[in-house]
> 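The structure follows.
Order of appearance sets the numbers: ligands from 1, and atoms from 1 within every ligand. Index from 1, following the sequence.
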Amino acid sequence: MCGIFGYVGPRSPIAVCLAGLKHLEYRGYDSSGIAGIQSGELLWCKASGKIRSLEEALEKKLLNVELAIAHTRWATHGQPSQENAHPHFDDQNQIAVVHNGIIENHQFLRNMLKKEGISFYSETDSEVIAKLIGHFYKGDLLDATQKALTLMRGFWGLAVIHKDHPGTIIAAARENPIVIGMNAQRMEGFVSSDVHALNERDLDVMFLRNDEVAVISQGKVEVFDQTSSIIQKQSEKLDLEEERASKGDYPHYMLKEISEQPETIQRAFHNRLIANFGTAEFENLTLSSADLLSVKRIIILACGTSYHAGLIAASLLEDKARIPTVAEIASEFRYKNPIISEDTLVIAISQSGETLDTIAAVREVKSKGAKVLGICNVRHSTLTREADSTLFLRAGPEISVCSTKAFTSQLTVLALFALLMARLRHMSKEEGQTFLEELEKLPALIHLILAQKEKIALLAQKYAHFENFFFLGRHYMFPASLEGALKLKEISYINAQGYPAGEMKHGPNALIDSSLVVIGMCGNERTMDKMLSNLMEVKARQGRVIALAPENTENLTEIADDILFLPKVCDELASIPYSIVCQLFAYYVAVQRGTDIDQPRNLAKSVTVE
Ligand code: AGP
């Protein structure tokens, strides 16, 4: 997943593109580059590493160009390097291309072009696009691009320029986001992978659909279909100028976002609780009560942290609303041949709204007639345009790659949705009101968790040198264990696993010795006894045990090496405070190990490739 940006207009294209790239760095940050046209010549600059390195390179290599396209990379084909960084060029160095996505038949096309005597300098799949357009170019850039696209297989968001067309950027999309921005008065044209990177006032914005191609010039855009017939496309007026989230006084976005959770959870349920009736309502839920009542089965689709939220929601919807619900990993699901009937509701969870595996799985179930409810944190994202209705997290921009506040806001919104579905069915008003009271206690309770930061930091200091961790839990705490392990993996690069505590004796117990740390997530009253015996089994095999448990839990001292007591909360919502402890533990272990916390290696905030 990469970020592409382009600009044609009266302002400095280099400056505008660099600002755009910085908003796109969450999509990949292992190398970057920019190209533009000056007096009929193609000029470019590339750098390995973060966008800062490109800025430094540009300070030495001033490019005064009439338009520019730019790219920030997350390597798929070919290691992060100057050669593999985008833009890529044709054989004559007349055409530059920036690409987000994967050309699945790049090897076939590469061999075909090599037979034509065309040579290659990079290991990337994307270079083949520039070579192909160059191969077809006979003076008409749109025609050459269309010819190249017909031969390509895979998915792309791309932009193309040619030295002989200093006023034109060509952009194309298939299964990947491309947004065009225009302001006719200011004679400006933009292309970007993410609408929020446009960050401009008063822009006419349009999103390219699959196989549409746009020709962008100063303040004007024409869109064509695969046959190069012009398409009348609606644009929407958007004011996208938004304050770039800052870290404030925090050393990392992750710690800032962890500390925001009392407010973000409050925002997630603000104006959505109907205390008098012990139920919930959502401002932009377009599914009627009749639609919701007709639901007989729910499939939840998501990836990574969002999938863990989906697992917890599945238990809640079955427990509370008695609706058969399954959470599926989207990247697996889309290759199943799912059974979708008209009374199946699909819930797609995605913080960014751009995760390609989730989007593709949503398109798959929609092609089978399913109704899709999106749970998302980013307005105007692809998921919000694909879903029939979307519930927003209101968590504010989440910058750190390691998702924290979005996860607990997902759990809050999903808990409210499960309550709504349950109240529409068998749950009594009183039971609903009790559940709402528990929910409303969370912000204050999380302040108490955050107040234990120093204690958690000391624990992290004590255990940061261990290389293997297991997070164990039962029922609602099992997905919370998966999430705890994922946080530690993501930012401290330690091998950590989340596991159902009851499963350890069926194999993983073999891994237990004094070099293994087990974090016991004992937040569920219903399974407490079982959890304690499982931790006993770990202790008996010299494993190190850190127990997270409700205040006044007895018999822990003889089992656990270290204990962190948390305020009492109902089983259904315990994953929220217990996950925040795991977020802080992972954060402080990463601080001890000196890893790149906000932009961990090999990852990106939004995964737009398969
Ligand atoms: C979480 O910390 C990771 N960044 C990752 O697992 C993430 O949750 C996953 O890529 C899904 O992202 P989404 O919620 O934006 O779809």
Side-chain angles (χ1 to χ4, degrees), residues 1 3 24-29 74 176-177 193-194 196 252-255 257-258 261 300-313 327-334 346-363 372 374-384 386-387 390-393 395-411 413-414 471 479-480 482-493 496 498 579-580 582-587 590 595-610:
M1 58 243 126
L24 293 168
E25 204 164 16
Y26 71 91
R27 303 170 71 93
Y29 37 79
W74 186 85
N176 249 331
S193 299
D194 176 348
H196 296 277
H252 299 99
Y253 279 105
M254 184 178 177
L255 188 59
E257 288 158 5
I258 291 174
Q261 291 177 98
I300 298 177
L301 299 173
C303 301
T305 287
S306 297
Y307 168 66
H308 298 152
L311 284 170
I312 293 167
E328 298 264 5
I329 294 175
S331 54
E332 279 304 305
F333 180 83
R334 60 174 306 213
V346 171
I347 299 178
I349 311 172
S350 175
Q351 186 284 132
S352 61
E354 297 294 351
T355 300
L356 187 60
D357 286 322
T358 307
I359 302 290
V362 164
R363 288 177 176 152
V372 175
I375 309 284
C376 189
N377 194 36
V378 179
R379 292 188 180 277
H380 311 301
S381 60
T382 304
L383 176 62
T384 62
E386 297 284 342
T390 299
L391 307 181
F392 288 98
L393 303 183
E398 188 175 66
I399 307 296
S400 177
V401 167
C402 203
S403 184
T404 54
K405 62 176 182 176
F407 177 63
T408 53
S409 294
Q410 285 165 346
L411 294 177
V413 169
L414 289 159
F471 289 70
L482 293 173
E483 180 58 11
L486 179 62
K487 297 296 96 163
L488 195 59
K489 276 193 275 256
E490 279 190 277
I491 57 169
S492 67
Y493 314 154
S579 297
I580 295 174
C582 297
Q583 294 165 1
L584 284 166
F585 182 77
Y587 174 77
T595 57
D596 190 334
I597 289 171
D598 281 338
Q599 291 185 325
R601 69 185 184 196
N602 304 340
L603 295 181
K605 183 67 185 167
S606 169
V607 185
T608 57
V609 292
E610 278 183 65

> Which protein residues come within less than 4.0 angstrom of ligand 1, counting heavy atoms only?
C303, G304, T305, S306, S350, Q351, S352, T355, V401, C402, S403, L486, K487, E490, V607
> Can E398 and K405 be counted as an ion pair, charged N to O under 4.0 angstrom?
no
> Between H380 and H196, how do the two ring planes meet: parallel, tilted or perpendicular, split at 30° and 60°?
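Plane angle between 30° and 60°, so tilted.
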> Given 3.5 Å as the limit, does a donor-acceptor pair link the side chain of Y493 with the main chain of A590, or not?
no
> Indicate whether the side chain of E257 and that of Q583 have a donor and an acceptor atom separated by less than 3.5 Å.
no
> Show the numbers, then the answer: is there a side-chain contact (heavy atoms from CB on, under 4.5 Å) between V362 and L383?
CA-CA 8 Å; V362 164; L383 176 62; 4.1 Å; yes
> Is there a donor-acceptor pair under 3.5 Å between the side chain of Y29 and the backbone N or O of P600?
yes
